[in-house]
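Read the structure below first, then the notes.
If you're wondering where the values come from, they're calculated on a predicted model, not measured in any experiment.
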Amino acid sequence: MKGLDTTRVITAGNNEVNPGNHLFHSGALDVYGFNYHHQNFAPFPDIYPSKKLHISESTSGLMTRGYYEMPSDHMFIRPDSWDKPFDLPIHMCSSYDNCHVPWGSTHEVSWKEVKKYPFVSGLFIWTGFDYLGEPTPFGWPSRSSFFGIVDLAGFPKDVYYMYQSEWTDKPVLHVFPHWNWQEGETVDIWVYYNHADEVELFLNGGSLGSQSKTDSTFHVWWRTEFKPGTLKAVSRKNGKEVLVKEIHTAGEATSLVLTADRQTLAADGTDLSFITVDVVDQYGNIVPDADQLIRFSVEGNGFIAGTDNGDQNDSRSLKALERHAFFGKALVVVQNTGEPGMIRLTATAEGLPAGSMDITVK
């Protein structure tokens, strides 16, 4: 390989990380890549002195956006073994970061181990996005992976904000889950945050106390009895308020709200606008269990390039002109025809007023 390209280092992802690995013995690798095996990070400098390490594949946490399995401090490992069939009545995995494959770990565990050792240069998370195929741990009708930090529709799962709080300078205060449960049900509330010393949580104005992260944790959490109303989180640094986030119990769905990532497209025949459709109540709160069938149509200089909702079990064509909301959200992608003008997108669902949006093509 060096005979063909002397400018770049050579590495490989290795499922076998023991000293007997033939690739390690070959001397061909400039950088060793470990797949999973976080328990083998610590002894690396002693076993492989002067060698460099990166984590070439890690984590394989399993998550469905908007779905939560409690208690959140219980670990769900699925399947039981890589070579055994596995199934559940509901093909979903918890978004609390408490579900992973037996050969992997949670996102927090993987990042904690990488962050702990200065000789580990970084990690590749399996995976950034959900993708078609490998619907581990389930079979049909699951049709896409559960591994992503972001779902197939491009909607962030909750753990996205853990990485945002660790890897960016953007101020973060992310509170989950939603606040629509059965009265009296015990619910676990997690918060990812940064730029603060502590977070205080309030339920309907009453304090549930303050929590702070430690060197080995990346979230704080509370366990409380559900009462409809408002969850309010306040992050503080040195006693001063940094951010405030509220989550409200949503009522019945009353409308569809369309939000485009861009409302002006180039008239080149390929430029796209990704429009999120939220099913909301009269106060604008997303209805977390909304699953209405949403139908899309366009007028003018564009057409619908695709639709999705992030549901790993939705076998409907990605080119379909209709899509069920999944935990209150859906996505439609609009493409221009190559002619300047306007595109009007309309979304309809039974029992709700139509929602529409204009997109300029120039």
Side-chain angles (χ1 to χ4, degrees), residues 1 8-45 47-48 51-65 75-84 86 93-139 142-152 154 156-164 166-167 216 218 312:
M1 288 183 283
R8 288 175 286 186
V9 298
I10 296 171
T11 187
N14 295 274
N15 289 331
E16 295 294 335
V17 302
N18 61 70
N21 186 312
H22 294 304
L23 271 176
F24 296 166
H25 280 293
S26 72
L29 301 181
D30 300 306
V31 180
Y32 287 15
F34 280 14
N35 290 350
Y36 308 101
H37 293 91
H38 60 261
Q39 66 275 12
N40 293 85
F41 297 176
F44 180 85
I47 299 174
Y48 309 103
K51 299 297 183 181
K52 297 177 176 63
L53 173 66
H54 76 110
I55 311 309
S56 40
E57 187 173 322
S58 74
T59 309
S60 284
L62 303 168
M63 293 181 173
T64 298
R65 175 188 55 79
M75 196 58 60
F76 299 93
I77 300 176
R78 296 168 177 161
D80 298 326
S81 174
W82 69 269
D83 56 349
K84 292 181 179 178
F86 181 84
C93 298
S94 176
S95 197
Y96 275 120
D97 194 22
N98 63 338
C99 186
H100 65 82
V101 296
W103 59 88
S105 58
T106 65
H107 291 270
E108 292 202 21
V109 165
S110 295
W111 175 233
K112 178 181 71 175
E113 293 302 306
V114 171
K115 193 174 181 181
K116 184 191 303 182
Y117 301 111
F119 55 83
V120 181
S121 61
L123 80 167
F124 180 95
I125 303 158
W126 197 264
T127 54
F129 284 76
D130 283 346
Y131 53 91
L132 293 173
E134 289 195 320
T136 308
F138 304 114
S142 297
R143 62 84 159 96
S144 69
S145 79
F146 291 75
F147 296 124
I149 296 168
V150 177
D151 72 21
L152 202 63
K157 302 179 188 180
D158 293 295
V159 79
Y160 173 97
Y161 299 95
M162 186 275 283
Y163 288 107
Q164 191 175 75
E166 284 288 302
W167 290 2
S216 61
F218 303 106
Q312 292 105 337

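Between the side chain of S60 and the backbone N or O of G104, no donor-acceptor pair lies under 3.5 Å. Remark: side-chain polar atoms of S145 are not paired, donor with acceptor, to backbone N or O of P135 under 3.5 angstrom. Judged by distance alone, the side chain of D151 and the main-chain N or O of G154 form a donor-acceptor pair under 3.5 Å. Although no hydrogens or angles enter the test, the distance criterion places no donor-acceptor pair under 3.5 Å between the side chain of H100 and the main chain of N98. Of the possible donor and acceptor atoms, one in the side chain of T106 sits under 3.5 Å from a partner among the backbone N and O of V109.
Between atom OG of residue S95 and atom CZ of residue R65 there is a gap of 9.0 Å, rounded to the nearest 0.5 Å. To the nearest 0.5 Å, atom CH2 of residue W103 and atom CG of residue N15 are 10.5 Å apart. One distance of note links OG of S216 with NZ of K115; it measures 10.5 Å at 0.5 Å rounding. From R78, atom CZ reaches atom CG of L62 across 8.5 Å, with rounding to the nearest 0.5 Å. Here L123 contributes atom CG and N35 contributes atom CG; the two are 11.5 Å apart, rounded to the nearest 0.5 Å. Of the inter-residue distances, the one linking I125 atom CD1 with I149 atom CD1 reads 4.0 Å to the nearest 0.5 angstrom.
Counting heavy atoms of neighbouring residues, nucleotides and ligands inside a 6.0 Å radius, atom NE2 of H25 exceeds 12 of them. At most 12 non-hydrogen atoms from other residues, nucleotides or ligands lie less than 6.0 angstrom from CH2 of W82.
For the 3.5 Å distance criterion, the side chains of Y36 and S58 fail to qualify, holding no donor opposite an acceptor. Using modelled atom types and a 3.5 Å distance limit, the side chains of N14 and E16 yield no donor-acceptor pair. Looking only at atom types and distance, the side chain of D130 has no donor-acceptor partner in the side chain of S144 under 3.5 Å away.
Contacts of K52 classified as side-chain hydrogen bond (donor to acceptor under 3.5 Å, both in side chains), with partners at least two apart in sequence or in another chain: none. Residues satisfying the ring pair (Phe, Tyr, Trp, His ring centres under 6.0 Å) test with F24, not counting sequence neighbours, are Y32, Y48. Applying the side-chain hydrogen bond (donor to acceptor under 3.5 Å, both in side chains) criterion to S110, with sequence neighbours excluded, gives T59, S105.
Taking the six-membered ring where the residue is Trp, the centroids of F44 and Y117 are separated by 6.0 Å or more. Within the 6.0 Å centre-distance limit, the rings of W111 and W167 are counted as a close aromatic pair. Between F218 and H107, a ring centre-to-centre spacing not shorter than 6.0 Å is recorded. Ring-centre distance between F129 and F147: not below the 6.0 Å cut-off.
Residues E166 and Y163 are not in side-chain contact: their nearest non-hydrogen atoms beyond the backbone lie 4.5 Å or more apart. Here the side chains of Q312 and T64 are in contact, with some heavy-atom distance below 4.5 Å. Between L152 and R143, some side-chain heavy-atom pair lies under the 4.5 Å cut-off. Residues F86 and T136 fail the side-chain proximity criterion, which asks for heavy atoms closer than 4.5 Å. Between I55 and F124, every side-chain heavy-atom pair lies at or beyond the 4.5 Å cut-off. Looking at heavy atoms from C-beta onward, I10 lies out of side-chain contact with V31 at the 4.5 angstrom threshold. Side chains of V101 and I77 form no contact here, defined as non-hydrogen atoms less than 4.5 Å apart. Residues P79 and P102 are in side-chain contact: their nearest non-hydrogen atoms beyond the backbone lie under 4.5 Å apart.
Counting all heavy atoms, side chain and backbone alike, F119 lies closest to A42 at CZ-O, 3.9 Å.
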| M63 vs V159, side-chain contact (heavy atoms from CB on, under 4.5 Å): CA-CA, chis, key distance, verdict | CA-CA 9 Å; M63 293 181 173; V159 79; 3.6 Å; yes
